[in-house]
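If you're wondering where the values come from, they're calculated on a predicted model, not measured in any experiment. The figures here come from the full heavy-atom set of this structure, side chains too, leaving out hydrogens, waters and symmetry mates.
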Amino acid sequence: MSLFSRLKTSFRALWQPTYPWPALDVHLSGDRHLHLVGSIHMGTHGMSPLPARLISKLQQADALIVEADVSGNESPFSALPPRPPLAQRLTPEQLSALQKILSELTLSIEAFDDQPAWKIALVLQATQAQRLGLRPDYGIDYQLLQAAHVAQVPVIELEGTQNQIDLLSQLPDDGRALLEDTLMHWHTNARLLQIMIGWWMNKPPQAQEMTLPSTFSEPLYEVLMHQRNQAWCERLHALPQGRYVVAAGALHLYGEGNLPSLLAQKNGQ
């Protein structure tokens, strides 16, 4: 990179435009410009439609980049082999905690008895979000995908749904730690959802290195957050010249080992 290019990149890093949604701009060498949007996969009615300024950025982009294209109707959980009964896989304390939350959600434990632990955790989290008034069709990435299809903007997946399922399926003990964390941090997770909704409805966060409520154990955080951020960083640095809108889960943009800081480090900033 030339001295002029380094100075230009450094100046851009120091001057950051502000947006009324959780986002920041990252400029990579080779004339590559990323608008990173802190996405929430389920949203409220008040989060739709998306800001006109964001839609304008998308329409001018060379591509929309998402974790996975969720605009289709197919289920990613089909053909999962049945597991042994939960009583054989969970401790009595874990089973009791699960039954308590299922009772609160008016769900039957029989429907989950042969399901992998990671899937049970995801269903619990999605149901909790629904009870808080969130819906998938108001999710930020879903709305961006719909707008991209209308504007005929190409879509690039960072992972894809099948790769995400493969990652979860490879977690130790069938993802039991993810279920444990979901049960343990049930109320904290609800508070975190409300914080992220506030980023879109009220005011986005002002600092990347903020302290957020913890809902993951350290080993899970390493696999589901940090390692994925590192993989996404490599994928984004491999992009050709152009302008891109990148919708990544909001928690990937803030806190320790966040995606923007990894991009900056690799870019030599």
Side-chain angles (χ1 to χ4, degrees), residues 21-22 37-50 66-68 70-78 80 86 90 93-146 161 164-165 168 171 174-205 212-217 220-221 224-225 247-252 254-255:
W21 61 87
V37 179
S39 178
I40 307 176
H41 303 313
M42 298 174 69
T44 65
H45 182 268
M47 293 163 62
S48 179
L50 294 175
V66 293
E67 296 178 30
V70 295
S71 58
N73 295 318
E74 63 277 1
S75 171
F77 300 133
S78 58
L80 292 174
L86 284 169
L90 302 182
E93 293 77 15
Q94 292 166 350
L95 194 58
S96 176
L98 175 59
Q99 289 173 321
K100 179 181 178 182
I101 288 176
L102 289 174
S103 178
E104 291 176 7
L105 299 174
T106 62
L107 297 174
S108 169
I109 196 168
E110 285 75 17
F112 299 93
D113 204 37
D114 65 349
Q115 299 299 306
W118 59 261
K119 180 185 174 183
I120 299 173
L122 295 186
V123 172
L124 290 178
Q125 293 170 16
T127 305
Q128 182 185 54
Q130 289 180 336
R131 298 300 167 88
L132 291 172
L134 280 67
R135 297 290 182 270
D137 49 333
Y138 294 139
I140 301 303
D141 44 353
Y142 181 83
Q143 293 187 71
L144 283 170
L145 282 163
Q146 298 303 310
T161 303
Q164 292 178 338
I165 296 297
L168 293 165
L171 290 174
D174 220 15
R176 190 172 70 177
L178 182 58
L179 179 56
E180 291 174 2
D181 283 354
T182 300
L183 298 174
M184 181 182 301
H185 302 294
W186 184 249
H187 297 293
T188 302
N189 189 63
R191 189 166 81 252
L192 189 55
L193 282 171
Q194 292 166 338
I195 289 173
M196 292 189 292
I197 292 169
W199 292 348
W200 280 91
M201 299 290 291
N202 302 314
K203 184 180 180 181
L212 293 167
S214 175
T215 59
F216 284 135
S217 61
L220 269 182
Y221 188 90
L224 298 182
M225 299 294 290
L251 295 181
H252 290 274
Y254 305 99

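Not a single donor-acceptor pair under 3.5 Å links the side chain of W118 to the backbone N or O of I165. Remark: the backbone N or O of Q130 is paired with a side-chain donor or acceptor of R135 at under 3.5 angstrom.
A pairwise comparison of heavy atoms in E67 and A248 identifies OE2-C, 3.7 Å as the closest pair. When all heavy atoms are compared, the tightest approach of P22 to W200 is CG-NE1, 3.2 Å. In terms of heavy-atom proximity, M225 sits nearest to L251 at CE-O, 3.5 Å. In plain terms, the two heavy atoms of S214 and H185 that are nearest each other are O-ND1, 3.5 Å.
Under the salt bridge (charged side-chain N to carboxylate O under 4.0 Å, His left out) criterion, D181 pairs with no residue, sequence neighbours left out. Looking at residues two or more places apart in sequence or on another chain, you find a side chain to side chain contact (heavy atoms under 4.5 Å, CB included) between A68 and E157, T161, Q164. Taking the side chain to side chain contact (heavy atoms under 4.5 Å, CB included) definition, one finds that P213 meets it with T188, R191, L192, I195, sequence neighbours left out. For Q115, the side chain to side chain contact (heavy atoms under 4.5 Å, CB included) partners at least two apart in sequence or on another chain are K119, I120. For W186, there are no side-chain hydrogen bond (donor to acceptor under 3.5 Å, both in side chains) partners at least two apart in sequence or on another chain. Residues passing the side chain to side chain contact (heavy atoms under 4.5 Å, CB included) test with A121, sequence neighbours excluded: Q125, L178, L179, T182.
The CD1 atom of I197 lies 9.5 Å from the CE atom of M42; values are rounded to the nearest 0.5 Å. Rounded to the nearest 0.5 angstrom, L98 CG and E180 CD are separated by 11.5 Å. Rounded to the nearest 0.5 angstrom, T127 OG1 and I101 CD1 are separated by 11.0 Å. Once rounded to the nearest 0.5 Å, the distance linking CG of L107 with CZ of F112 reads 5.0 Å.
With a 4.5 Å cut-off on side-chain heavy atoms, L102 and L124 count as touching.
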When the side chains of residues 139-146 are checked against the rest of the protein, which donor-acceptor pairs come out under 3.5 Å, sequence neighbours left out?
| residue | atom | partner | partner atom | Å |
| --- | --- | --- | --- | --- |
| D141 | OD2 | H41 | ND1 | 2.8 |
| Q143 | OE1 | S48 | OG | 3.1 |
| Q143 | NE2 | M47 | O | 3.1 |
| Q143 | NE2 | Y138 | O | 2.9 |

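Listed by first and then second residue, the side-chain hydrogen bond (donor to acceptor under 3.5 Å, both in side chains) pairs involving residues 97-107 amount to none (not counting sequence neighbours).
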